[in-house]
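Remarks on the structure that follows.
Since the model is a prediction, treat every value here as computed from it, not as a measurement. Order of the sequence lines fixes the chain letters, A, B, ..., with proteins taken first and strands second; residue numbering starts at 1 for each chain.
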Number of protein chains: 2
Amino acid sequence: MNAQESIINSVDLDKKTVWFTGLCREKGLKVTPQRIAIYRELVKTNEHPSAEMLCEKVRQVFPSISLDTVNRTLLTLNEIGAAFIVEGSGDAKRFDGGLDEHQHFKCVECKRVIDFSHEPFNNIEVPQEMEEMFVVLRKSVYLEGICDLCR
Amino acid sequence: MNAQESIINSVDLDKKTVWFTGLCREKGLKVTPQRIAIYRELVKTNEHPSAEMLCEKVRQVFPSISLDTVNRTLLTLNEIGAAFIVEGSGDAKRFDGGLDEHQHFKCVECKRVIDFSHEPFNNIEVPQEMEEMFVVLRKSVYLEGICDLCR
DNA sequence: TTGACAAATAAGAGTTACTCCTAAATAGTA
DNA sequence: TACTATTTAGGAGTAACTCTTATTTGTCAA
Ligand SMILES: [Mn+2]
Ligand SMILES: [Mn+2]
Ligand SMILES: [Zn+2]
Ligand SMILES: [Zn+2]
């Protein structure tokens with residue numbers, strides 16, 4: 001099995017789809033076939049696709065979908081907590097449907113985003129004065145450099 | 001003194017300018033008045049300007065400079081290590097001329113980037129298997145949320 | 001000091017990645 | 001089954017770069 005595809009089996013995919021459907025209803029959002037298709041393609045991959053990349057994949061199962069719908073839907077997924085925008089410095093937004101605590105390495109050459117998980121980086125403690133002054137919604141450890149394929 | 005301006009005195013600014021001039025020569029880059037002007041405006045501020053924001057400021061002292069030159073120069077500063085692109089998720093690139101170890105909080109509402117420094121976040125240790133597989137050029141802890149002014 | 005010339009710049013065109021607009025379609029509901 | 005607020009497709013519009021080309025300039029060698 002190629003590490004870049006099918007990282008989830010169809011049973012887990014269906015479970016996640018049911019969970020997502022419930023989340024949509026909970027948030028008062030309509031459960032449209034486009035939303036389901038975009039969500040399913042996003043959680044199926046670990047390559048942190050851009051809206052454009054994901055649009056191409058979704059079109060294989062939903063040929064008439066528009067890029068605008070993909071963009072809008074991805075922002076919605078981010079807002080309701082079904083996905084998030086990967087941190088980085090520049091370039092097109094990249095999305096992630098993996099909600100388990102993990103970190104990212106981004107190659108500055110090929111722009112590939114690679115998952116890793118390092119226990120000390122999970123749930124890092126934010127200084128109290130920051131928590132008092134701001135609402136901290138997200139905290140992350142982020143690495144950047146040259147990947148194995150590029151160096 | 002407003003925390004958003006003049007965070008550096010003219011003696012330190014001149015020191016940094018001399019250092020930058022030397023770095024340019026070391027890297028075989030010409031020392032042009034445009035480069036100096038852009039570098040000086042960047043290190044003078046702690047507001048992490050975008051290319052557009054910085055271009056407006058530089059035009060106050062160098063009215064004929066083009067936005068393209070500002071963009072190109074900022075990428076050059078990033079390459080030679082005189083500045084870097086702030087991490088974040090989306091929107092226009094933001095630049096930072098402060099090379100002391102510190103971290104960023106970005107407000108998802110107003111897009112303000114705020115510096116902070118938390119000792120345990122300085123020089124975090126990257127897992128050995130990451131260092132073996134990739135060239136890690138940069139590591140950072142990044143927070144996102146709602147700032148004091150927006151909440 | 002003075003050329004020679006590679007590097008850098010200004011201005012404007014071109015491209016990418018969104019973001020907005022509007023008419024048509026549809027999921028939820030009564 | 002009918003209603004209606006949401007959502008969608010498709011196209012236009014915009015922001016943030018990125019490229020092209022003619023011109024200028026910093027550096028270095030004579
Ligand atoms: Mn991930
Ligand atoms: Mn900073
Ligand atoms: Zn790479
Ligand atoms: Zn704010």
Atom pairs under 3.5 Å, N or O on each side, protein against nucleotides 11-14 of chain D: can you list them with distances?
none

Which side-chain N or O atoms in residues 18-32 of chain B pair as donor and acceptor under 3.5 Å with protein atoms at least two apart or in another chain?
unit_1, atom_1, unit_2, atom_2, d
B:Thr21, OG1, B:Thr17, O, 2.8
B:Thr32, OG1, B:Arg35, N, 3.2

(message) What is the separation between atom CG on A:Asp91 and atom C1' on D:dA16, rounded to the nearest whole Å?
(response) 12 Å

Could you write out each protein N or O paired with an N or O of nucleotides 7-9 of chain C at a distance under 3.5 Å?
unit_1, atom_1, unit_2, atom_2, d
C:dA7, O4', B:Lys30, NZ, 3.2
C:dA8, OP1, B:Lys30, N, 3.4
C:dA8, OP1, B:Arg35, NH1, 3.0
C:dA8, OP1, B:Arg35, NH2, 3.2
C:dT9, OP1, B:Thr32, OG1, 2.9
C:dT9, OP2, B:Arg72, NH1, 3.0
C:dT9, O3', B:Gln34, NE2, 2.9

(message) I'd like to know if A:Ile36 and A:Val70 are part of one continuous hydrophobic network [Ile/Leu/Val/Met/Phe/Trp/Tyr, side-chain heavy atoms within less than 4.5 Å].
(response) yes

(message) Hydrogens and angles aside, do B:Asn122 and B:His102 bring a side-chain donor and acceptor to less than 3.5 Å of each other?
(response) no

(message) Strictly distance-based, threshold 3.5 Å: is any side-chain N or O of A:Arg94 a donor or acceptor partner for the main-chain N or O of A:Lys111?
(response) yes

(message) Check the phosphate of C:dA27 against A:Arg25, side-chain N and O only, distance under 4.0 Å to OP1 or OP2. Yes or no?
(response) no

(request) Residues of residues 79-88 of chain A with any non-hydrogen atom less than 4.0 angstrom from an atom of DNA chain D: list those, numerically ordered, please. (result) none

(message) Can you measure A:Lys27 atom NZ to C:dG28 atom C1' for me and round it to whole angstrom units?
(response) 19 Å

(request) Measure the CG-CG distance between A:Asn71 and A:Leu67 for me, rounded to the nearest 0.5 Å. (result) 5.0 Å

(message) Nearest whole Å is fine: how far is D:dA16 P from B:Leu75 CG?
(response) 15 Å

Side-chain donor-acceptor pairs under 3.5 Å in residues 129-148 of chain A, sequence neighbours left out?
unit_1, atom_1, unit_2, atom_2, d
A:Glu132, OE2, A:Gln128, NE2, 3.0
A:Arg138, NH1, A:Ile85, O, 2.9
A:Arg138, NH2, A:Ile85, O, 2.9
A:Arg138, NH2, A:Glu87, OE1, 3.2
A:Lys139, NZ, A:Ile124, O, 3.1
A:Ser140, OG, A:Glu87, OE2, 3.3
A:Tyr142, OH, A:Glu144, OE2, 2.8
A:Glu144, OE2, A:Ser89, OG, 2.7
A:Asp148, OD1, A:Arg112, NH2, 2.8

(request) Could you tell me whether the side chain of B:Glu109 reaches within less than 4.5 Å of the side chain of B:Leu149, counting heavy atoms only? (result) no

(request) Give the other cluster members for A:Val113, using side-chain heavy-atom distances under 4.5 Å between Ile, Leu, Val, Met, Phe, Trp and Tyr residues; answer none if it is isolated. (result) A:Val86

(request) Report the distance from atom CG of A:Leu67 to atom C1' of C:dC20, rounded to the nearest whole Å. (result) 13 Å

(request) Ignoring hydrogens and angles, state whether a donor on the side chain of A:Thr73 or A:Thr76 is under 3.5 Å from an acceptor on the partner side chain. (result) no

(message) Tell me if a side-chain donor or acceptor on B:His48 pairs with a main-chain N or O of B:Asn46 at a distance below 3.5 Å.
(response) yes

(request) Establish, with yes or no, whether the OP1 or OP2 oxygen of C:dA17 is under 4.0 angstrom from a side-chain nitrogen or oxygen of A:Lys93. (result) no

(request) Grab the CD-P distance between B:Glu56 and D:dA16 for me, whole Å please. (result) 11 Å

(request) Report yes if some heavy atom in the side chain of B:Asp115 is under 4.5 Å from a heavy atom in the side chain of B:Gln103; otherwise report no. (result) no

(message) Whole angstroms only, please: what is the CG-P distance between A:Leu74 and C:dT19?
(response) 12 Å

(message) Rounded to whole Å, please give me the gap between CG in A:Asn71 and C1' in C:dT16.
(response) 12 Å

(request) Nearest whole angstrom, please: distance from the P of C:dT19 to the CD of A:Glu52. (result) 14 Å

